[in-house]
Amino acid sequence: MSDKKNCPEVKVAILGIGTVGGGTYKLISRQAEELPDKTGACVSVKKVLVRNLNKERPGIPKEILTDDWNSILQDEEIRVVIELMGGIEPAKTYISEALKAGKQVVTANKDLLAEYGEELTELATENGCDLMFEAAVAGGIPIIRPLKNSLVGNHITEVMGIVNGTTNFILTKMSQEGLDYETALAQATELGYAEADPTADVEGLDAGRKMAIMASVAFHSRVVSSDVYTEGITAITPKDIRYAKEFGYEIKLLGLARHVADGIEVKVHPMLIPSTHPLATVSDAFNAVFVHGDAVDDTMFYGRGAGEFPTASAVLGDVVDEVRHILGNSTGHCNGSFYKTVPVKDIGDTECRFFLRIQVEDKPGVLAGICSVLGNNGVSIAQVVQKKKTRGAGGAELVIITDSVIEKHFQDALTIFKSMSMVRKISSVIRVYE
Ligand code: NAP
Ligand code: HSE
């Protein structure tokens, strides 16, 4: 046990006391007794930045609340700033000012890091400070630290998985409980998984930001959110989920980042994944990340990807590291190494299998016409089923799963389908994991 009377003190400030900020405050309080033994210092929250001093904040002492950022910035006792407000501004300004003032920064802000990670990590290093962001990717799962430290002896070639809790929760509820999309999204928001604007979750942007951050760290080359091809889950229907099951698949929103010979491939989109694959059983707000390295081979990280305490767990892990670095005078050395410039490939040049649900005329020669367009564009069919005829309307529904094909060749075939009178509607196009 540490001698608490002679224990050095490290004071921290939390900016934003919502889901994650509130969880972090409670976890620091819960751990207060043990933190001196774990870190060598007594760690306490000196100030909490809020926008509205009059809002009720159950469990947070009123006297530590402030709406004045400068009172935190100028407080020399505060050595660590924990940014949990989210968004670009004022988070970027506050983090930059904190680093320039020599304060260590911990953040869960993937929006900011996926766009300005390079600028902010350089600023941190220039000022002899650390910028830590374990909580920004996959909630409570330790993944940034393994990529930066434990696996640094590898040439990492692939990072992929389920990195958004909200969409995984929604797809699980739609698949397992037959819930409709809106009800499932409302539950995810109620549980604190969704972003302030859940569009970022359901359109795949949140997952895209996390993939940009992980790809940068894993491949030592900067990837920003606009480099990531992104599709969300809003077009997925109960029928797609049902048909996918009939073919032996689940539908998941997957993030994929690969370092291949001619560049980096990085994308987020829904995928059919075989029901027997470990990722198919990752349910609710759980996340899972696979990492492949040339030395370690395959590794998998699994846990809660969102929520108050899982995310606070990652935040506090970073805070503890910061306290240790402060006590050991070793700050400013863990901001990652981005010494390569690898081009990011266009989605059209990547390869994938596809699930295609298409409404066609029910006439002789239609199936042959569809197959010949696919064939002429180099798309080989793995499975094809005529699901049913549309009663009274003289139409039919075809469901096709292709072999692996260069994306742009498949898109060329879709463009031709759109101009064919025998094709009434392209209902769904979903990529298939192999
Ligand atoms: P949240 O519940 O919306 O909390 C954000 C808090 O920040 C709110 O209390 C808000 O105050 C406050 N805030 C916003 N702007 C502020 C400003 N200018 N000054 C002071 N306070 C300000 O969001 P959250 O879910 O905790 O997310 C926080 C961060 O963690 C985001 O970057 C998010 O992407 C990330 N993250 C969240 C999770 C999760 O599971 N929720 C997981 C991983 C990472 P008001 O009460 O006045 O609105
Ligand atoms: N909204 C995010 C999610 C929070 O659902 O995964 C965790 O980053």
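Source: prediction; values computed, not measured. Read the numbers this way: they start at 1 and go in the same order the structure lists the ligands and their atoms.
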Heavy-atom gap [X] to ligand 1 smaller than 4.0 Å:
{"X": "N52", "answer": "no"}
{"X": "G307", "answer": "yes"}
{"X": "K55", "answer": "yes"}

Q. Going from CG on D346 to NZ on K267, what distance comes out if it is rounded to the nearest 0.5 angstrom?
A. 11.0 Å

Within reach of ligand 1, part of [X] (heavy-atom separation under 4.0 Å):
{"X": "K110", "value": "side chain"}
{"X": "V50", "value": "backbone"}
{"X": "A135", "value": "backbone"}
{"X": "D206", "value": "neither"}
{"X": "T311", "value": "side chain"}

Q.
For ligand 1, which is the ligand I care about here, please tell me if Y94 has any N or O atom under 3.5 Å from one of the ligand's N or O atoms.
A. no

(Q) Pairs of nitrogen or oxygen atoms closer than 3.5 Å, one from A196 and one from ligand 1: do any exist? (A) no

So which protein heavy atom does [atom] come closest to, and at what separation?
{"atom": "atom 6 (O) of ligand 2", "result": "G165 N, 2.7 Å"}
{"atom": "atom 5 (O) of ligand 2", "result": "T166 OG1, 2.6 Å"}
{"atom": "atom 7 (C) of ligand 2", "result": "G305 O, 3.3 Å"}

Q.
Nearest non-hydrogen contact with atom 41 (N) of ligand 1 belongs to which option: G192, A194, P310?
A. G192

Those atoms of ligand 2 less than 4.0 Å from some heavy atom in [X]:
{"X": "N164", "answer": "2 (C), 3 (C), 5 (O), 6 (O)"}
{"X": "Y193", "answer": "1 (N), 2 (C), 3 (C), 4 (C), 5 (O)"}
{"X": "K210", "answer": "2 (C), 3 (C), 6 (O), 7 (C), 8 (O)"}

Q. Centres of the H259 and H155 rings: under 6.0 Å?
A. yes

**Q.** Exercise: do T93 and E89 side chains pair donor with acceptor under 3.5 Å
**A.** yes

Q | Donor on one side chain, acceptor on other, S337 and H220, under 3.5 Å | A | yes

Q. Does the protein place any heavy atom closer than 4.0 Å to atom 23 (O) of ligand 1?
A. no

**Q.** Exam field: side chain N164 to backbone T166, donor-acceptor pair closer than 3.5 Å
**A.** yes

